[in-house]
Amino acid sequence: MELDRIAIHDSVDIVFPPQQLVDALSDLPVTVEAVTDGASFDRTDGVVAFGPGENFLDAGWVHCIRAGYDEFDVDDYEAAGVSLTNSTGIHGTTVGETVLGYLLAFARRLHRYRDRQNESAWVREPQSVPFTLAEKRICVIGLGTLGQGVVSRANGLGMEVVGVRRSGRETPGVETVYTPDELHAAVSDARFVVLTTPLTDETAGMIDASVLKTMREDAYLINVARGPVVVENALIDALSSGSIAGAGLDVFETEPLPESSPLWDFENVILTPHVAAMTNAYHEDIAALVRENVTRISNGDELYNHVI
Ligand code: NDP
Ligand code: 7N6
């Protein structure tokens, strides 16, 4: 492919101002400019965007600034002969630290003390409630960039780490790696079940009522993957009946989470608005990925992180 221009689509603004990426790539030997919806493209254009957009199939290459490219119709890209690349590989630290935050808050009760601080209330949790993470079992479902970011931090806390991955491949820091058909066995004795898989036909609805029922009553579900990996109504039922202890949720079936969702009202749920990966350096990580592929395009090499 011949590359003359990189168009930074304004959909990236949900994560960083487009101009930050324009500036970070300004030394490239191609035109780099911000564009909005309605812009037209041709086969010499690369487009950097948050999600799918108008006229993208006219470009030569589209780079998604997210790891999860589930909103893109991959078949359309293949049929149009347009390269699609994603941003897996950059979120291990951000999401790993966010998950660590949920774990520490639940164990050390920080979310409850913040609730009470809002009411100027000096009230201690019952003695039986706080616990430590050391030696507790965590099950990480999906052992790629996000999963390994969680695993290394859980290792650092002295937790017992098990996991699930499609291939069942051995993974550093994970004592037992299960395959998806062993999901119930994997979650059954874990105090924390952390979801770090892509949203695919296989993972949609993977955490359903039967999996939630298999989890321990004192277990927490953490979802930093995609909302539809969990059957949200089944989760609400499990939280209402106390069949699990709580949940840390960054992603939801519908985003933004509707005001009417019961999930807002559980004191044992920590909700974050799809920000587990947010960082003021996000544009730098994207710039490095784009730069790598500009080099590969000029050398005629296969694109890094290519989906299509
Ligand atoms: P990776 O491709 O690095 O890792 C995906 C992992 O999921 C792999 O270990 C893979 O197994 C495993 N997997 C795939 N299918 C299944 C399955 N059916 N059952 C169990 N494991 C499975 O992706 P990332 O870690 O970079 O990102 C994962 C997802 O997290 C993204 O697709 C995105 O949806 C979400 N995400 C959310 C963010 C947020 O802001 N909340 C930020 C970044 C990502 P194997 O390796 O064996 O094939
Ligand atoms: C940007 C979120 C992904 O899939 O959804 C995430 O990479 C990105 C803060």
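Just so you know, these numbers use all the heavy atoms, side chains as well, and skip hydrogens, waters and symmetry mates. Atoms within each ligand, like the ligands themselves, are counted from 1 in listed order.
- Compare Ile141, Leu146, Val229, Thr98 by their heavy atoms: the one nearest to atom 27 (O) of ligand 1 is in Leu146.
- Atom CG of Leu183 sits about 5.0 Å away from atom CD1 of Ile141, to the nearest 0.5 Å.
- Under the salt bridge (charged side-chain N to carboxylate O under 4.0 Å, His left out) criterion, Glu267 pairs with Arg112, not counting sequence neighbours.
- Contact annotation: Thr200 has no heavy atom less than 4.0 Å from any atom of ligand 1.
- Contact shell of ligand 2 (protein heavy atoms, cutoff 4.0 Å): Val15, Arg66, Ala67, Gly68, His91, Arg226, His274, Met278, Tyr282.
- Set against the non-hydrogen atoms of Thr196, the atoms of ligand 1 under 4.0 Å away are 28 (C).
- Near Asp250, meaning under 4.0 Å from any of its heavy atoms, are these atoms of ligand 1: 39 (C), 40 (O), 41 (N).
- Between the OG1 atom in Thr132 and the CG atom in Leu157 there is a gap of 10.0 Å [rounded to 0.5 Å].
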Practice item. Check step by step if salt bridge (Lys or Arg N to Asp or Glu O under 4.0 Å) holds for Arg291 and Asp27. Key: CA-CA 10 Å; Arg291 193 176 286 282; Asp27 61 319; 3.0 Å; yes
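- Taking a cutoff of 4.0 Å between a charged side-chain nitrogen and a carboxylate oxygen, Glu160 and Lys136 do not qualify as a salt bridge.
- Looking only at protein heavy atoms, the nearest one to atom 35 (C) of ligand 1 is Ala225 O, 3.5 Å.
- Between Gly147 and ligand 1, no N or O atom pair is found at a separation short of 3.5 Å.
- In this structure, the protein non-hydrogen atom closest to atom 29 (C) of ligand 1 is Thr197 O, 3.4 Å.
- At the top of the distance list for atom 2 (O) of ligand 1, counting protein heavy atoms only, stands Thr88 OG1, 4.0 Å.
- The existence of a salt bridge linking Glu125 and Arg108 is excluded, since no basic side-chain nitrogen approaches an acidic carboxylate oxygen closer than 4.0 Å.
- Every atom of ligand 1 is numbered from 1 in the order shown, and the set under 4.0 Å from a heavy atom of His274 is 39 (C), 40 (O), 41 (N).
- Here the protein heavy atom with the shortest distance to atom 12 (C) of ligand 1 is Gly142 CA, 3.8 Å.
- Residue pairs satisfying the salt bridge (Lys or Arg N to Asp or Glu O under 4.0 Å) criterion with at least one member in residues 61-89, sequence neighbours excluded, are listed as follows: Arg66-Glu71, Asp70-Arg226.
- Within ligand 1, the atoms closer than 4.0 Å to a non-hydrogen atom of Leu143 are 6 (C), 8 (C), 9 (O), numbered from 1 in the order shown.
- Residue Glu202 has no nitrogen or oxygen atom sitting less than 3.5 Å from a nitrogen or oxygen atom of ligand 1, judged on distance alone.
- When heavy-atom distances to ligand 1 are checked against a 4.0 Å cut-off, Thr203 comes that close only through its side chain, counted from C-beta outward.
- In terms of protein heavy-atom proximity, atom 43 (C) of ligand 1 is closest to His91 ND1, 3.5 Å.
- Among protein heavy atoms, the minimum distance from atom 3 (O) of ligand 1 is reached at Thr145 N, 3.0 Å.
- Taking the six-membered ring where the residue is Trp, the centroids of His9 and Phe50 are separated by 6.0 Å or more.
- Of all atoms in ligand 1, numbered sequentially from 1 with element shown, those under 4.0 Å from a heavy atom of Gly68 are 31 (C), 32 (O), 33 (C), 34 (O).
- The nearest non-hydrogen atom to atom 37 (C) of ligand 1, considering only Val224, Val251, Leu195, comes from Val224.
- The closest non-hydrogen atom to atom 16 (C) of ligand 1, taken over Gln148, Arg66, Arg166, comes from Arg166.
- Every N/O-N/O distance between Met206 and ligand 1 stays at or above 3.5 Å.
- On a distance-only criterion, Asp70 and ligand 1 share no N/O pair closer than 3.5 Å.
- Nearest heavy atom pair, residue His63 against residue Thr85, reads ND1-OG1, 2.7 Å.
- By the 3.5 Å distance cut-off applied to N or O atoms, Arg165 is counted among the residues near ligand 1.
- Taking a 6.0 Å sphere around CZ of Arg124, one finds it holds 12 or fewer heavy atoms contributed by other residues, nucleotides or ligands.
- Note on ring orientation: taking the six-membered ring where Trp is involved, the planes of Phe106 and His111 are perpendicular (angle over 60°, cut-offs 30° and 60°).
- Within the 3.5 Å criterion, the main-chain N or O of Cys64 finds no donor-acceptor partner in the side chain of Asn86.
- Tyr77 pairs by the ring pair (Phe, Tyr, Trp, His ring centres under 6.0 Å) definition with Phe72, not counting sequence neighbours.
- Within the listing of ligand 1, atoms 40 (O), 42 (C) sit less than 4.0 angstrom from a heavy atom of Ala277.
- The aromatic ring centroids of His91 and Tyr282 lie less than 6.0 Å from each other.
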